[in-house]
Amino acid sequence: NAGVTQTPKFRILKIGQSMTLQCAQDMNHNYMYWYRQDPGMGLKLIYYSVGAGITDKGEVPNGYNVSRSTTEDFPLRLELAAPSQTSVYFCASSSPGTNEKLFFGSGTQLSVL
Amino acid sequence: QKEVEQDPGPLSVPEGAIVSLNCTYSNSAFQYFMWYRQYSRKGPELLMYTYSSGNKEDGRFTAQVDKSSKYISLFIRDSQPSDSATYLCAMRLIQGAQKLVFGQGTRLTINP
C-alpha cells in the first residue's frame with residue numbers, strides 16, 4: 001500500500017529553470033493538494049483539485065501550474081524557478097467528507113540557486 | 001494578523017512530563033480542528049480532530065477546543081521520546097471544506 005508517492009525527493013535548480021514535481025496516489029481519493037512548507041511558516045496551499053479535470057488556486061499559486069488528467073496523478077509545474085520557491089513541497093490527498101484527514105507524501109526538498 | 005497562530009517553539013521537556021501545545025485563531029467560522037504530527041523529513045500525519053467545541057481523548061493525547069476564546073490545545077500525558085516531532089494545528093470551515101489552514105507548527109523534543 002504505497003499511499004501518496006512524490007518524486008523526486010531532492011532537487012537543485014538554477015534560477016530560470018523549469019521542472020515538474022510528480023505526485024501519485026493509489027487510494028482512489030478524489031481530492032488532491034499541493035502545499036509548500038517553509039521553516040517556521042507552516043503549510044501553505046498552492047493548488048488543489050477535487051477530481052480529474054478540475055483544479056483551483058490555493059493561497060500561494062503564483063509561479064506554479066497544475067493539471068489533473070487522472071484520479072491518481074497531480075503534477076506540479078514550476079516555470080522560471082526563483083529563489084523564493086526554495087521550499088519543501090508536499091502533495092496530499094483525501095476523500096470527500098473526510099477532508100480533515102489528509103494523507104501526505106514524504107515531500108520534495110527543492111533548492112533554487 | 002495570521003488566521004492561525006502557533007508558538008513555533010522549540011519546546012524541550014523531560015520524559016514523562018505533561019506537554020501542552022496551543023493555537024489561537026481569528027476566524028470564528030472555523031468548525032473542524034485538527035492536530036497533525038510531523039516527524040523529521042516526513043509528511044504530516046493526522047493525530048486527532050474535533051468538531052466544534054469540547055474535548056476529545058485518545059490514549060495519552062487530549063484535544064481541547066474553546067470556540068468562545070478561539071483557542072485550541074493538545075495535551076500529551078506521560079510524554080515519550082517517540083513523541084518528539086513537530087505538531088501542527090489545522091482548521092477548516094464547513095463551507096469551502098477543501099481548504100485547511102495550518103499553524104506554523106511547534107517543534108517538540110522529549111528528553112530521555
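Chain letters run A, B, ... following the sequence lines, proteins first and then strands; every chain starts at 1. FYI, side chains are in, hydrogens and waters are out, and symmetry mates aren't considered; it's all heavy atoms of this structure.
Interface remark: Arg107(B) contributes no atoms to any contact with chain A (heavy atom separation under 4.5 Å). When heavy atoms are compared at a cutoff of 4.5 Å, Gln6(B) does not approach chain A at all.
Taking the six-membered ring for Trp and the full ring otherwise, Tyr35(A) and Phe90(A) have centroids separated by 6.0 Å or more.
Annotation: Ile15(A), atom CD1; neighbour count of heavy atoms from other residues, nucleotides and ligands within 6.0 Å is above 12. Residue-environment remark: NZ (Lys42(B)) stays at or below the threshold of 12 foreign heavy atoms within 6.0 Å.
For the salt bridge (charged side-chain N to carboxylate O under 4.0 Å, His left out) test, residues two or more places apart in sequence or in another chain that qualify with Lys44(A) are Glu59(A).
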Just distance, no hydrogens or angles: give the donor-acceptor pairs under 3.5 Å from side chains in residues 70-82 of chain A, sequence neighbours left out.
unit_1: Thr70(A); atom_1: OG1; unit_2: Glu72(A); atom_2: N; d: 3.4
unit_1: Thr70(A); atom_1: OG1; unit_2: Asp73(A); atom_2: N; d: 3.2
unit_1: Thr70(A); atom_1: OG1; unit_2: Asp73(A); atom_2: OD2; d: 3.2
unit_1: Arg77(A); atom_1: NE; unit_2: Glu79(A); atom_2: OE2; d: 3.1
unit_1: Arg77(A); atom_1: NH1; unit_2: Thr20(A); atom_2: OG1; d: 3.0
unit_1: Glu79(A); atom_1: OE1; unit_2: Ser18(A); atom_2: OG; d: 3.3

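Within residues 105-113 of chain A, the residues having any heavy atom under 4.5 Å from a heavy atom of chain B are, by residue number, Gly105(A), Ser106(A), Gln109(A).
No side-chain N or O of Tyr39(B) forms a donor-acceptor pair with one of Thr86(B) less than 3.5 Å apart.
Pairs engaging residues 78-91 of chain B under the salt bridge (Lys or Arg N to Asp or Glu O under 4.0 Å) rule: Arg60(B)-Asp83(B) [sequence neighbours left out].
Ranked by heavy-atom pairs shorter than 4.5 Å toward chain A, the options Leu46(B), Val101(B), Val4(B), Leu88(B) are led by Leu46(B).
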